[in-house]
Amino acid sequence: MELKLKLTDYRTDVHNNWCPGCGDFGILSAIQQALFEMQLEPSKVAIISGIGCSAKTPHYVNAYGIHTLHGRAIPYATGIKLANPELEVIVAVGDGDGLGIGAGHFVHAGRRNVDFTVVMYNNEVYGLTKGQAAPTLGKGVKTKSLPKPNINLSVNPILLAFASGYTFIARGYSYEVKHLKDLIKQGIMHKGSAFIEVIQPCPTYNDIHTKEYWAGKGNIDPKTGKEVPRYYKLEETGYECIITNDTTEEEYLAKISKFIQKALESGNRVPIGVFYRDLRYETYEERLASRMPSYKYYPPAKQKIADIAGNPITKADKILEEFAV
Amino acid sequence: MDKPFGYSWLIGGAQGSGIERGASVFINAIASAGYYVFGKREYYSNIMGEHSYYYVRFDKKPVFSHIEKYNILAAYDAETVFRHSLESLPESAIIFNSMHRNVRLSEIPTIEKRLRNDISKRLKIEPNKLTLQMILEEAEKNGVKIFPIDYNAILNEIFRKTGESLSDLTRMNNVIAVASSLALLKLDFDSFVKGVIKTFGSKKNVVELNRMAGELAYQQVESKGYANEFKIKLEKLGNKNKRYIINGNQAVAIGKILAGCRFQTYYPITPATDESNFLEAHENVELSDYAAQAINEEKEHLQSQGSIVVMETEDEIAAITMATGAALSGARASTSTSGPGFSLMVEGLGWAGMNEVPVVVTLYQRGGPSTGMPTRNEQGDLRFAIHAGHGEFPRIVLAPGDIEEAIYDTIRAFNYAERYQLPVILMLDKYLANSVKSVENLDLTKNKIDRGFILSENDILKLKQEGKEYKRFELTDNGISPRIFVGTKGAVFWNTGDEHDELGHITEDPVIRDKMMEKRMNKLITAYNEIPFDVKLNHFQAIKPAITLVSWGSNKGVILDLIEILKGEGIEVEFIQLRLLNPFPSNELKQVLEGKRWVDIENNYSAQLAGLIKENTGLAPDYYIVKYNGRPISLDELYIAVESILKGEAPIRQVLRGGT
């Protein structure tokens, strides 16, 4: 296939002010590569972010870039996508952004199954405000700018996404760029709300779960005596969890209990890859179209509302008749 | 007080017992007989059981407001009689359930202690001894005629004929009260039936049962000779113009549909939700042939139908941000809320201001602060709407004063939002939202649609051929930059809540900051210069005004009614109704107000409009009339307040305290 668009077509010349060695670079690169490999026109793509380091992502991608409010990327993205479903919508949120201040929106997006992809940068800290504990930081962990160890339990993003109703759930690692790029492509291609958690070491404020930690520092395999990475790829273990309308209740329970086991794995063996796919539910766009047949062809952003002279073309007089006496 | 107030009818009962339906039957019956109506609804924040009531004022000439007194009190529970019977006009009647004569005041738990004590003191009888009969006798001393109706006899008769369960049939007590009222007014039975059909529509069985109940009520009033004892008689009038009966929620919704609003978000809240529900019920809209013809050539699917996506969101933050997202994609988008919801929306409002996104917010004020009085009226959010948000950004605030203006100003709100690329707040209140009014001479073709400075894909192509780059926030003299929708081919842009450069990328450069700040704020000057005088304010002039009344929003109706009454007494007053509240029409207001003796009339404690006027023009009122007890200003109390000013007997500040 001849590629019309080059990888550089997805880059901007905006100075990137992430810290040197930031895990965000890997995610940015994976997003750009995914768009490039899918040859998506920049003007058909919208990247919506919240607030924080992750939220600067849109400025570095040559596509429509909407950098919004802390925690609110999802509702902005929902409006953008539902008004014009032709757009390819990617939501870039942080852990505090998505699961702290924006947790409500995160949950409710699952109920809708809008066809977009949520990428959550998880470094367990609020980086841009200098390293406070994020909702994904484990209890008792003391990253370097915390005066005391974290007093709260952490939320499990994969399980929360499942409980909320996301129909594609995955986890990537920002230093496994190719693997992450593939996850993002799958997320984009999935019809419905896709959630991808990305483990993203913060080199400045997370001195516990560093790049070296994930690479296996101190995690010695007793057999080989070598350091083993603290993550592994689900697909290499033969794991798969796809729910369809043909899945029996028995199969469903078996699959879900396996999924939950995988979602709970932590410590020295953290799985990355696709955790869950649910093909049973129609997208929100399809639900709207079933109620409003014209939505499919003329979504809100594509409807004509006036003639050339500016006269309204909606027939409101008929509606007015309901009130006639 | 014997003033030409027209007629006033009041129905009351427990919340959930069909007060609104009953009022609808009455209103439609009266309106179909050719009368102009105005209806005001009062209810508690409660699902079932608390007292709810509905005032209907009607006349041969247009009526725009209510009075807190009745010609007919139509009661089917005892509480309504206890609460309202002593507030009568001359020539008035009480219809009540004859079974309730011996009910004692102390037996009604939903009457507040304060009111119970007041009634008890007034009659000098202890609550546990004060019966309904006693309060009726007290009312009779005021000249009120008492008409007991045997509701149960009517229900039993229907039960005998139809076999419908009696407990179901008690739901028709409201219609019995209505039909008894109409019979007392000697209005023809056909008009009653029209009211029933309009209210219950296609439900044939319900229509028939209500017709039967009405017929039996008419018979009872007839056989007891009540009609002769009551002087008022309603003739059927010829009705020349086509009329509609619409409330404020519906008016805004109709305006939105016509304006081409195609994305509406909301989180449930009183008194805003009805607007969104109406839109959702009408989510498939019909388009004129133009749309089909224009598109037929290029696509196989005729666009004879449009659609409105109505989203119930998880909270008001999502409501405004989702609507803003839809606006970015190019849909006309809006949200609708009340004060508490608007409080949550403020961060989203600021983002829309910063990123110059046209989003419309309908703000229905209710009694505040905090949860305040969720189902009651107030105009307490004026300052809030104008100043909401941290930092400084432009927004337009429009406040229609009645049903017609609500329709037209809604269309304007979308036009201004797009023309000036900013959020527009359309302010109404509970009184306007929940009150119905006869409307005639509506012109749905009056307002054009203006989408502002939008570049198409072809425009972008041309720009590229000229070697230019598209800049979403291009610096311009009037502050308005070329807008494209997210998804427009051949270009991209960036948005951010951070200060940004012309492309939309973050900047903290002081020079660019100044330019961007000035560009955004300049749009308000552009808007101020372009918006016509008669949208900024309505000036109801008088040749030799005794005084000038100044107000805003839903007070328009009561003031117009007052002007008519005073005119009948040979007194001329003029009225200035502010409609554009931001940017503030300082010059226009000065032009009409300077040198006048004037009264500020508002439904809030601190006279917020007067403060704004002083801030913007240096002019201060000679008198204030304010009200903040959760009830809208009624015609009778405003008459007394203005009369005392005209007589030179009024203090500078009068607080109105009417309403039950």
Side-chain angles (χ1 to χ4, degrees), chain A residues 12 14 41-44 46 48 51 56 58-59 62-69 72 74-84 86-87 104-105 107-108 288 291-295 297-307 309-320 323-325, chain B residues 28 31-32 242-246 254 257-260 262-263 282-288 290-291 294 301 303 305-307 309 313-315 317-318 321-326 328-332 347-348 351 444-445 448-450 485-497 505-506:
Chain A
T12 66
V14 175
E41 284 260 1
S43 59
K44 284 283 162 231
I48 293 96
I51 290 289
K56 292 180 179 173
H59 295 285
N62 187 44
Y64 283 96
I66 313 296
H67 175 189
T68 70
L69 294 164
R72 319 301 171 210
I74 283 176
Y76 279 105
T78 305
I80 288 169
K81 176 74 180 180
L82 294 182
N84 182 3
E86 284 175 19
L87 293 166
H105 307 306
V107 168
H108 289 273
L288 288 175
R291 272 172 33 173
M292 299 177 285
S294 66
Y295 176 84
Y297 309 105
Y298 302 103
K302 303 277 178 182
Q303 289 182 46
K304 282 211 186 309
I305 59 171
D307 65 17
N311 298 304
I313 56 167
T314 315
K315 286 186 180 171
D317 40 350
K318 222 177 182 177
I319 296 168
L320 202 56
F323 304 101
V325 280
Chain B
N28 281 290
S32 75
K242 177 132 203 187
R243 285 187 207 147
Y244 306 92
I245 292 181
I246 309 175
I254 289 167
I257 290 169
L258 194 62
R262 293 298 175 258
F263 202 94
H282 297 80
E283 61 185 2
N284 286 301
V285 292
E286 268 185 65
L287 302 180
S288 74
Y290 169 82
H301 303 286
Q303 195 191 354
Q305 246 194 7
S307 60
V309 172
T313 56
E314 54 271 29
D315 54 37
I317 301 171
T321 53
M322 209 178 280
T324 305
L328 284 171
S329 284
R332 281 196 154 185
E347 63 165 347
W351 194 90
L444 297 186
T445 63
K448 299 240 178 196
I449 286 178
D450 175 6
F485 303 147
V486 170
T488 300
K489 216 175 159 181
V492 297
F493 64 74
W494 291 270
N495 277 174
T496 171
H505 288 307
I506 300 170

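Every chain is numbered from 1 and lettered A, B, ... according to where its sequence line falls, protein lines coming before strand lines.
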How far apart are the closest heavy atoms of [X] and [Y], and which atoms are they?
| X | Y | answer |
| --- | --- | --- |
| B/A259 | A/I305 | O-CD1, 3.6 Å |
| B/V309 | A/P300 | CG2-CG, 3.7 Å |
| A/Y298 | B/S307 | O-OG, 4.1 Å |
| B/I246 | A/F323 | CG1-CB, 3.9 Å |
| B/Y244 | A/L320 | CD2-O, 3.4 Å |

Could you have a look at [options] and say which one has the most heavy-atom pairs with chain A under 4.5 angstrom?
| options | value |
| --- | --- |
| B/D450, B/I245, B/I449 | B/I449 |
| B/R332, B/E347, B/K489 | B/E347 |
| B/A323, B/G260, B/S329 | B/S329 |
| B/A331, B/G306, B/G487 | B/G487 |

Part of [X] within contact of chain A (heavy atom distance under 4.5 Å):
| X | result |
| --- | --- |
| B/L328 | side chain |
| B/H282 | side chain |
| B/V486 | both |

Measuring only between side-chain heavy atoms, which start at C-beta, is [X] closer than 4.5 Å to [Y]?
| X | Y | answer |
| --- | --- | --- |
| A/H59 | B/I506 | yes |
| A/K56 | B/T496 | no |
| A/I319 | B/L258 | no |
| B/F485 | A/I80 | no |

Exercise. Would you find a donor on one side and an acceptor on the other, under 3.5 Å apart, between the side chain of A/Y64 and the backbone of B/T488?
Worked result: yes
For this session: Measure from the side-chain N and O atoms of B/N284 to the backbone N and O of A/R291, and report whether any donor-acceptor pair falls under 3.5 Å.
Result: yes
Given heavy-atom pairs under 4.5 angstrom as the criterion, report whether the side chain, backbone, both or neither of [X] touches chain B.
| X | answer |
| --- | --- |
| A/I74 | neither |
| A/A309 | both |
| A/P299 | neither |
| A/I66 | both |

Problem set entry | Residues in salt bridge (Lys or Arg N to Asp or Glu O under 4.0 Å) contact with B/R262, at least two apart in sequence or another chain | none
For this session: Please name all residues satisfying ring pair (Phe, Tyr, Trp, His ring centres under 6.0 Å) with A/H108, sequence neighbours left out, ordered by chain then number.
Result: none
Hey, which of [options] has the most heavy atom pairs under 4.5 Å with chain B?
| options | answer |
| --- | --- |
| A/P42, A/A83, A/P75 | A/P75 |
| A/A77, A/A324, A/A316 | A/A324 |
| A/L69, A/I48, A/D317, A/N311 | A/L69 |

Distance, nearest 0.5 Å, that separates [atom1] of [X] from [atom2] of [Y]:
| X | Y | atom1 | atom2 | answer |
| --- | --- | --- | --- | --- |
| A/S294 | B/E283 | OG | CD | 9.5 Å |
| B/D315 | A/R72 | CG | CZ | 7.0 Å |
| A/K315 | B/Q305 | NZ | CD | 11.0 Å |

Problem set entry | Verdict with supporting geometry, A/V14 and B/W494, side-chain contact (heavy atoms from CB on, under 4.5 Å) | CA-CA 12 Å; A/V14 175; B/W494 291 270; over 6 Å; no
For this session: Apply side-chain contact (heavy atoms from CB on, under 4.5 Å) to the pair A/H105 and B/I317, showing each step before the final yes or no.
Result: CA-CA 9 Å; A/H105 307 306; B/I317 301 171; 4.1 Å; yes
